[in-house]
Structures are given as structure tokens and as C-alpha cells.
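Below: the structure, in C-alpha cells.
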Amino acid sequence: MKMQQLPLPQAGRLLQNKGQSVIEIFLSLIVFSMALLGLVILVNNYLKVLKTSKDRIIANFLAQEGIDLVIAKRNINKVQRRNWLEGLPNKFCIDSSLYIQPANNACPLYIYNNQFLHSVINGPPTPFSRLINLDISLNVATVTSIVKFNGQQVELETIITDWIP
Amino acid sequence: MKKRGFTILELTISILVFLIGLSVIVGMYISLLRQYLIAQNLQTSIGNVKLALEKIWREMKYSINFATTTRGIKYQRINDCANIIIEYDPTTKAVLYNSSTLIEPSYFEVNNFNIYATGSLSSTGDYNLTSFKLITVSLEGIAKTKSLDIPMNFQISVAPINSVFASTSCGF
């Protein structure tokens with residue numbers, strides 16, 4: 001019986017193809033996992049940004065609320081035939097119970113009965129604090145509502161007037 | 001011959017190292033997908049609530065004839081005289097706008113929905129004293145993100161434009 005032999009060039013090639021070493025596989029895995037880790041960090045940061053944007057949306061609503069609270073107070077003053085800005089100092093904090101507190105710095109907002117309030121300090125604290133600035137000039141006042149949260153702030157401004165119906 | 005291939009021990013070690021590396025990578029990939037899904041769902045939830053609250057705020061600003069209901073508020077839109085009822089449905093944990101879902105509970109589950117109306121005064125004089133001067137809508141709920149639930153509080157307050165005039169007409 002005759003043994004079948006591989007042709008010489010083919011046999012030589014088989015001996016030369018020795019595949020990847022353990023080190024090579026290990027290094028490629030490290031490089032690949034580092035790239036994937038970068039992606040994980042990226043998505044994680046995206047989640048953090050989203051959480052901050054959630055707070056920014058709430059802060060925007062609270063800043064808009066600050067302006068509407070001043071408008072409501074002005075309307076109540078007018079309806080009750082008082083001075084249109086009675087009870088409103090130049091710098092103050094106001095909440096949806098229309099509780100007004102003169103202040104130089106933003107007052108913290110607490111949650112009470114699901115409401116954001118300044119007046120109830122025994123509720124759970126929130127990261128938000130709010131200050132209203134009133135710049136009065138004759139029959140026009142500029143209202144600036146500033147909401148601060150986690151080292152950031154949202155500022156909204158509008159003009160209100162002493163209207164005569 | 002110098003080239004003699006791999007021993008069983010070498011192969012076992014290399015497979016073991018490969019499997020350990022692979023399990024780390026698969027773990028990271030699963031974590032990546034999970035975080036991405038949470039982020040996507042959170043964005044949808046927040047967007048849903050934001051749009052709903054902005055719609056409520058804008059409509060109430062320019063509406064008349066407000067009245068509170070057992071679970072919400074009703075008003076009349078000033079431009080087309082449409083009657084709108086915004087209510088909370090505790091069974092489905094959804095906020096309804098004329099019986100259709102305004103805040104989808106599969107994205108944001110509302111656990112508490114409150115409306116506070118301020119400034120309804122005695123009706124004398126030239127002004128519409130009985131109308132609400134300030135309406136506060138507050139809601140507390142959970143942003144649903146499949147694997148992570150994020151509790152949130154939102155609040156808006158509206159001083160309706162037409163709250164001080166006696167006119168209750170609409171359609172202009």
C-alpha cells in the first residue's frame with residue numbers, strides 16, 4: 001500500500017500558518033472592550049444629560065409659574081381696587097399659595113401635597129429655588145423670574161402693566 | 001520538526017481567556033443596550049409630559065368659564081367656544097383631555113393629579129370677581145423606562161388672560 005503524501009508547497013504553507021497567539025487574541029479583546037467601554041460611558045453620559053434636562057424642564061415650568069404668580073397678584077390687586085403692585089417688593093419669593101416673602105436670594109422650594117411651595121419647610125426639599133425681581137418704572141414693571149437648580153439657573157423675563165379696564 | 005501545534009493545556013487556557021474576555025464584552029454590551037433603552041424611554045416620557053403641560057398651560061391662558069370638577073377642571077376655549085374637560089383617571093393612571101389620553105400611562109404613570117384654583121372673590125363691581133385668578137396644576141408620577149422607574153413632580157400655574165373681565169363670550 002502506498003502512503004499518499006501532500007505536495008510539498010502545500011505542506012509548507014500549512015506549517016507557516018500558525019494562527020494568532022494567545023497574546024494577540026488577548027490584546028484584540030482589550031482594544032475591542034475599550035472601544036465598547038467608550039460607548040458605555042457615552043450612553044451613560046447621555047442618561048445624565050437627560051436627567052439634567054428633566055430638571056431644566058421642571059425649572060422652566062417653575063420660572064414661568066413665577067411670572068404667572070406675579071400677574072395673578074397684580075390682577076387680584078386691580079380687582080380689589082388696590083395699588084396694582086401692592087404687596088410686591090423689588091425682590092421676593094412667591095409660591096402658588098400667593099405667599100410672598102421679601103428676599104435677596106432665591107428661596108428653596110419644598111414639596112407639600114404634590115405642590116412646589118416656599119412656605120412649607122417640612123416637606124421634602126427639591127433642588128429648586130426661586131427669586132422674583134421687579135423693576136418698576138411708572139405704569140410698567142419688568143418681572144424677572146429666576147429658578148436655580150444644581151448649580152444652573154433658568155431666567156425668564158416679561159413686562160406687566162398697570163392696565164385700566 | 002519545530003512546529004508542533006498547540007497542547008491541550010495551551011488550548012484550554014486560550015479558550016478560558018477568550019471566554020472571560022467575551023463575557024466582559026457581552027456584559028458591557030448588555031449594559032450599553034440597557035442604558036440606551038432607559039435614556040430613550042426617559043426622553044419619550046419627559047417629552048410626553050412636557051407637551052401635555054404646555055398644551056394645558058396655553059389653552060388655559062386663553063380660556064374662560066373655568067370650573068373645577070371632581071377630578072380635574074373644565075373650561076371653554078375662547079377661539080372656538082369648545083368645552084374642554086381635563087381629568088385624572090385613577091384606574092388607568094392617565095390624564096384625560098375630553099376623554100382621550102393626554103399623558104400616556106405607559107410612558108408616564110400619574111399617581112397624583114391636583115388642580116388648585118385661587119382668587120375666586122365675591123362678585124361685585126365691574127370686574128369678573130368670581131373667575132379664578134390663578135390655576136395651579138401639579139402632578140406627581142413615575143417616568144416608565146422599562147427597567148428603571150424615575151419619580152418626578154411637575155407643576156404649572158396659569159393666570160388666565162380673561163380672568164378679570166366680566167365678559168364670558170367666546171368665538172372671536
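Values below: every heavy atom of this structure, side chains too, minus hydrogens, waters and symmetry copies.
Closest approach of A:Gln115 to B:Gln155, counting heavy atoms only: CA-OE1, 3.1 Å. Residues A:Asn75 and B:Lys133 approach most closely at CB-CD, 4.5 Å, considering heavy atoms. Taking every heavy atom of both residues into account, B:Leu134 and A:Asp68 meet most closely at CD1-O, 4.0 Å. Residues B:Tyr116 and A:Asn113 share a closest heavy-atom pair of OH-O, 2.9 Å. For the pair B:Ile156 and A:Phe61, the tightest heavy-atom approach, listed with the atom from each and the gap, is CG2-CD2, 3.2 Å.
With a 4.5 angstrom heavy-atom cutoff, A:Ile30 does not touch chain B via any of its atoms. Residue contact with chain A, scored on non-hydrogen atoms closer than 4.5 Å, is absent for B:Ile20. Contacts of B:Tyr29 with chain A are made by both backbone and side-chain atoms, with heavy-atom separations under 4.5 Å.
Against chain A, no residue from residues 96-111 of chain B qualifies, as none has a non-hydrogen atom under 4.5 angstrom away. Residues of residues 39-47 of chain B that come closer than 4.5 Å to chain A, counting heavy atoms only, are B:Ala39, B:Gln40, B:Leu42, B:Gln43, B:Ile46, ordered by residue number.
Following chains of ILVMFWY side-chain contacts shorter than 4.5 Å, one can reach A:Trp84 starting from A:Ile132, so the two form part of one hydrophobic cluster. A:Val31 and B:Val17 fall into different hydrophobic clusters, where Ile, Leu, Val, Met, Phe, Trp and Tyr residues are linked whenever their side-chain heavy atoms come under 4.5 Å apart, directly or through other members. By the criterion of side-chain heavy atoms lying less than 4.5 angstrom apart, applied directly or through intervening Ile, Leu, Val, Met, Phe, Trp or Tyr residues, A:Ile146 is not grouped with A:Ile94; the two fall into different hydrophobic clusters. B:Leu22 and B:Met28 fall within a single hydrophobic cluster, where Ile, Leu, Val, Met, Phe, Trp and Tyr side chains are chained together by heavy-atom contacts under 4.5 Å. Under a hydrophobic-cluster definition in which Ile, Leu, Val, Met, Phe, Trp and Tyr are linked whenever side-chain heavy atoms come within less than 4.5 Å, directly or via other members, B:Ile142 and A:Phe116 are assigned to different clusters.
Across B:Val158, B:Leu139, B:Val24, the residue that shares the most heavy-atom pairs under 4.5 angstrom with chain A is B:Val158. Contact count against chain A (heavy-atom pairs under 4.5 Å) is highest for B:Phe154 among B:Phe154, B:Phe113, B:Tyr36.
B:Leu53 is not listed as a side-chain neighbour of A:Gln64, based on a closest heavy-atom distance of 4.5 Å or more.
Taken from CG in B:Asn114 to CG in A:Asn114, the straight-line distance is 5.0 Å, to the nearest 0.5 Å. The structure places CG of A:Leu109 at 11.5 Å from CG of B:Asn153, a figure rounded to the nearest 0.5 Å. The distance from the OG atom of B:Ser157 to the CG atom of A:Leu62 is 9.0 Å, given to the nearest 0.5 Å. Rounding to the nearest 0.5 angstrom, the gap separating the CE atom in B:Met152 from the CD1 atom in A:Ile57 is 8.5 Å.
The number of heavy-atom neighbours closer than 6.0 Å to CG of B:Leu19, taken from other residues, nucleotides and ligands shown, is above 12. With a 6.0 Å radius and a threshold of 12 heavy atoms from other residues, nucleotides or ligands, B:Lys61 has its NZ atom above the threshold.
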